[in-house]
Protein chains: 2
Amino acid sequence: MRSRSSPGFVSSQEVARLAGVSRSAVSRTFTPGASVSPETRERVMKAAKTLGYHVNHLARGLISQTTGIVCLVVSDIATPYLSSMVDALTRRLQEAGKVAMVINATGKLEKIEDAIRQTLHYRADATVVLSGSPDRAIIQTCLDSGQRMILLNRDEMLPGIRNVSLDHAAAAREALDAFLAAGCRRLAVVTSAARTPSLVGRETGFVDAARAVGLEVATWSEGPTAHASGAAGARRLLGRTDRPDAVFCVTDLLACGFMDVARHEFGLRIPKDVSVIGFDDIEQAAWPSYNLTTFAQPVAEIADYVVTCVAADEVAEAVPRRLFAAPMIRRSTVRR
Amino acid sequence: MRSRSSPGFVSSQEVARLAGVSRSAVSRTFTPGASVSPETRERVMKAAKTLGYHVNHLARGLISQTTGIVCLVVSDIATPYLSSMVDALTRRLQEAGKVAMVINATGKLEKIEDAIRQTLHYRADATVVLSGSPDRAIIQTCLDSGQRMILLNRDEMLPGIRNVSLDHAAAAREALDAFLAAGCRRLAVVTSAARTPSLVGRETGFVDAARAVGLEVATWSEGPTAHASGAAGARRLLGRTDRPDAVFCVTDLLACGFMDVARHEFGLRIPKDVSVIGFDDIEQAAWPSYNLTTFAQPVAEIADYVVTCVAADEVAEAVPRRLFAAPMIRRSTVRR
DNA sequence: GACAGCTTTGCACACGAGTGCAAAAAATCC
DNA sequence: GGATTTTTTGCACTCGTGTGCAAAGCTGTC
């Protein structure tokens with residue numbers, strides 16, 4: 001395949017030499033829309049194939065100011081919802097000719113800032129923040145450096161930023177309606193100690209909607225956003241004398257934890273004794289053991305929109321936050 | 001923060017101008033071990049902070065031949081095991097000063113090759129192949145280009161490649177022993193149609209071990225490596241007259257699907273009627289609804305080893321495949 | 001104060017590519 | 001065939017950085 005004896009990457013210079021043309025010709029061959037005659041193009045392509053040449057995107061990015069790199073800042077990648085989001089994003093970005101650089105922001109607050117700063121070292125075309133609550137100053141720094149920023153489910157309203165979010169309040173209201181239609185009146189909400197805008201939006205949306213019809217709702221909010229926290233919430237809420245008959249868990253993971261304890265520790269039947277609604281529609285929600293009524297994250301649509309933002313020619317100054325609807329997936333954890 | 005009026009990234013040239021030093025001084029300030037006097041270093045740092053300067057790793061990589069980029073080629077990122085592997089890898093790589101570029105190889109065979117080829121465009125320091133079965137030729141191309149390659153659970157034994165794998169056969173034998181100790185004799189194995197080396201290793205390891213003690217094992221292998229396939233396997237295997245009393249599912253996802261159908265469609269009790277063992281120790285395996293006995297992937301150890309390989313100075317020519325043990329996690333899906 | 005030895009600094013080149021410009025070549029027109 | 005237009009090609013500059021080399025600066029000793 002290769003005729004050179006020294007190992008390492010092949011440069012356009014070497015291809016040019018073998019093809020008997022100038023380096024410019026090689027460059028133009030791999031630049032769409034550039035002027036090259038068919039025969040030189042063919043000679044170059046042949047030489048490139050012989051040597052195993054691949055355009056160095058880093059060097060290209062140096063001069064053309066666009067690297068094709070998109071940074072994904074995300075914590076808790078191993079979480080079902082976020083991993084499916086990363087899956088969708090990486091795939092769509094690739095289809096659009098970009099490539100995703102994943103910055104793992106798990107850990108302390110400073111680490112998130114370090115992670116975002118890391119982004120700047122690679123002159124990414126855009127940075128997508130999937131989780132973590134980065135400081136306003138850091139985001140401003142990125143914007144100043146010409147970084148295009150896309151925030152998912154954050155609430156920073158700086159000019160130049162693209163905000164993408166879900167209509168959590170509407171979903172919360174729909175959840176309440178479903179509970180009320182099922183005849184439930186003793187409401188509770190289970191959330192985690194992580195006060196991210198999306199979780200808070202779901203919680204307060206539910207509580208506010210309940211208040212509007214004159215109902216109070218018991219709240220559990222401790223621990224990380226995980227199965228164990230939902231389990232802990234169940235132990236607490238179900239141990240009370242006025243046990244709730246309808247529980248809105250702001251995350252499917254919490255809902256699974258809640259259901260596991262409700263069934264295996266309290267011997268309750270779902271939805272006969274307690275109705276449960278989750279959020280995210282993770283894969284496990286559809287498994288027969290849970291069969292959870294929940295709200296689907298429009299993962300594909302969000303990914304499409306993000307790619308649109310990344311690929312857009314102009315950076316519109318003030319774009320209103322883009323709000324997506326989360327359709328309810330009715331399964332069997334709410335009484336009929 | 002910034003005094004320049006034009007947007008965009010700041011170069012070392014501008015920092016040099018503000019600090020009143022040469023560009024070399026700026027470069028040396030950000031190069032560990034380079035010779036700079038304390039006062040110039042301080043002036044440079046101050047100017048850099050004022051302007052919001054960040055070293056351009058792309059330009060640096062151009063000259064120093066090491067970009068700090070490590071490509072992760074992976075399909076089905078949304079899968080519990082793989083997402084936790086990606087989580088561990090991205091975190092460890094970052095701690096080692098590298099950054100992960102995720103190439104989503106989901107889809108057809110050609111796409112995987114395209115994905116790996118993509119790797120070469122960014123002059124990554126190394127490529128880690130987590131899934132997909134890339135062609136030998138593609139791997140050879142990468143090696144020729146000086147790409148360091150690390151293959152997880154693949155069986156390509158080319159010189160220059162680092163192979164990392166689990167001792168699947170040992171785990172399979174341990175699973176069989178557990179079943180035998182529980183008094184089970186009617187064995188079955190559930191796997192998917194994906195004939196990856198790891199899944200095949202587990203399956204044949206189990207079947208061979210069973211044959212060694214004179215037992216035959218029924219096999220189900222259809223569909224993707226997912227919950228639905230495990231469910232389908234259960235419908236088939238449990239519908240037979242000589243229903244198995246011990247089932248080794250080569251993946252926890254398959255095991256969950258199997259258990260769900262065994263319980264909810266056949267009304268069987270686990271482990272009283274059927275014993276089940278999985279593989280991977282995904283988060284859901286520990287949930288009370290499953291409480292699955294399984295084998296833990298040594299995710300952290302593997303990630304550590306991969307980082308060691310990536311950061312190693314020399315590329316040893318012939319390194320034997322590194323085999324990790326998968327310890328058995330005994331929970332409650334096997335009779336005592 | 002002269003000299004040796006060490007540290008710091010700037011110049012200039014290199015990395016691998018894209019592109020404006022003008023020369024060269026080819027195609028078209030009269 | 002010559003003039004004109006169009007296409008193709010190569011030169012040379014550029015992007016932002018690291019680094020060898022030699023000059024300059026500093027320190028210390030006799």
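First the proteins, then the strands, lettered A, B, ... as listed; each starts at 1.
- V55(B) comes within 4.0 angstrom of sugar-phosphate atoms only, judged by non-hydrogen atoms across all strands, and of no base.
- Between Y53(A) and dA17(C) there is a side-chain N or O to OP1 or OP2 distance below 4.0 Å.
- S27(B) comes within contact range of at least one nucleobase, with a heavy-atom separation under 4.0 Å.
- For R28(A) and dG10(D), a side-chain-to-base donor-acceptor distance below 3.5 Å is present, hydrogens and geometry of angles not being considered.
- With the nearest nucleotide of DNA chain C identified for both L62(B) and A25(B), A25(B) has the one nearer the 5' end.
- Ion pairing of D125(B) with K98(B) is present here, as a side-chain N (NZ or NE/NH1/NH2) and a carboxylate O approach within less than 4.0 Å.
- Contacts of S37(A) with the nucleic acid, taken as non-hydrogen atoms under 4.0 Å apart, involve only primed sugar atoms and P, OP1 or OP2.
- Following rounding to the nearest Å, L58(B) (CG) and dA17(C) (C1') show an atom-to-atom distance of 12 Å.
- Rounded to an integer number of Å, the gap from L51(B) CG to dG16(D) C1' is 15 Å.
- The CD1 atom of I63(A) sits 17 Å away from the P atom of dA12(D) (whole-angstrom rounding).
- For the pair H54(B) NE2 and dG16(D) P, the computed distance is 15 Å after rounding to whole Å.
- Dashed line: the shortest gap from a side-chain N or O of T40(A) to OP1 or OP2 of dT8(D) is not under 4.0 Å.
- Nucleic acid contact for T31(A): sugar-phosphate only, since backbone atoms but no base atoms lie under 4.0 Å from a heavy atom of the residue.
- Here S12(A) reaches the OP1 or OP2 of dA17(C): one of its side-chain N or O atoms lies under 4.0 Å away.
- Contact between the side-chain N/O atoms of S35(B) and the OP1/OP2 oxygens of dT9(C) is not found at any separation under 4.0 Å.
- Between R123(B) and S22(B), it is S22(B) whose nearest contact on DNA chain C lies nearer the 5' terminus.
- Counting to the nearest Å, the C1' atom of dT19(D) and the CZ atom of R60(B) are 13 Å from each other.
- Rounding to the nearest 0.5 Å places SG of C309(A) at 13.0 Å from CE of M149(A).
- For dC11(C), the base has a donor-acceptor partner in the side chain of S24(B) [N/O atoms by modelled type, under 3.5 angstrom].
- Of the N and O atoms on the side chains of T90(A) and N104(B), at least one donor lies less than 3.5 Å from an acceptor on the other residue.
- Residues L120(B) and C142(B) form a side-chain contact, since some pair of their non-hydrogen atoms from C-beta on lies under 4.5 Å apart.
- Taking every heavy atom of both residues into account, V55(B) and H121(A) meet most closely at O-ND1, 3.0 Å.
- Rounded to an integer number of Å, the gap from N56(A) CG to dG16(D) P is 16 Å.
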For residues 15-30 of chain A, please give each side-chain donor-acceptor pair under 3.5 Å, one per line with the distance, not counting sequence neighbours.
residue: S22(A); atom: OG; partner: S24(A); partner atom: N; Å: 3.3
residue: S22(A); atom: OG; partner: A25(A); partner atom: N; Å: 3.4
residue: T29(A); atom: OG1; partner: A25(A); partner atom: O; Å: 2.7

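- The distance from atom CZ of F30(A) to atom P of dG18(C) is 9 Å, rounded to the nearest whole Å.
- Contact annotation for V36(B): backbone-only contact, meaning every heavy-atom pair under 4.0 Å involves sugar-phosphate atoms and none involves a base.
- Atom pair H121(A):NE2 and dG18(D):P shows a separation of 11 Å (rounding to whole Å applied).
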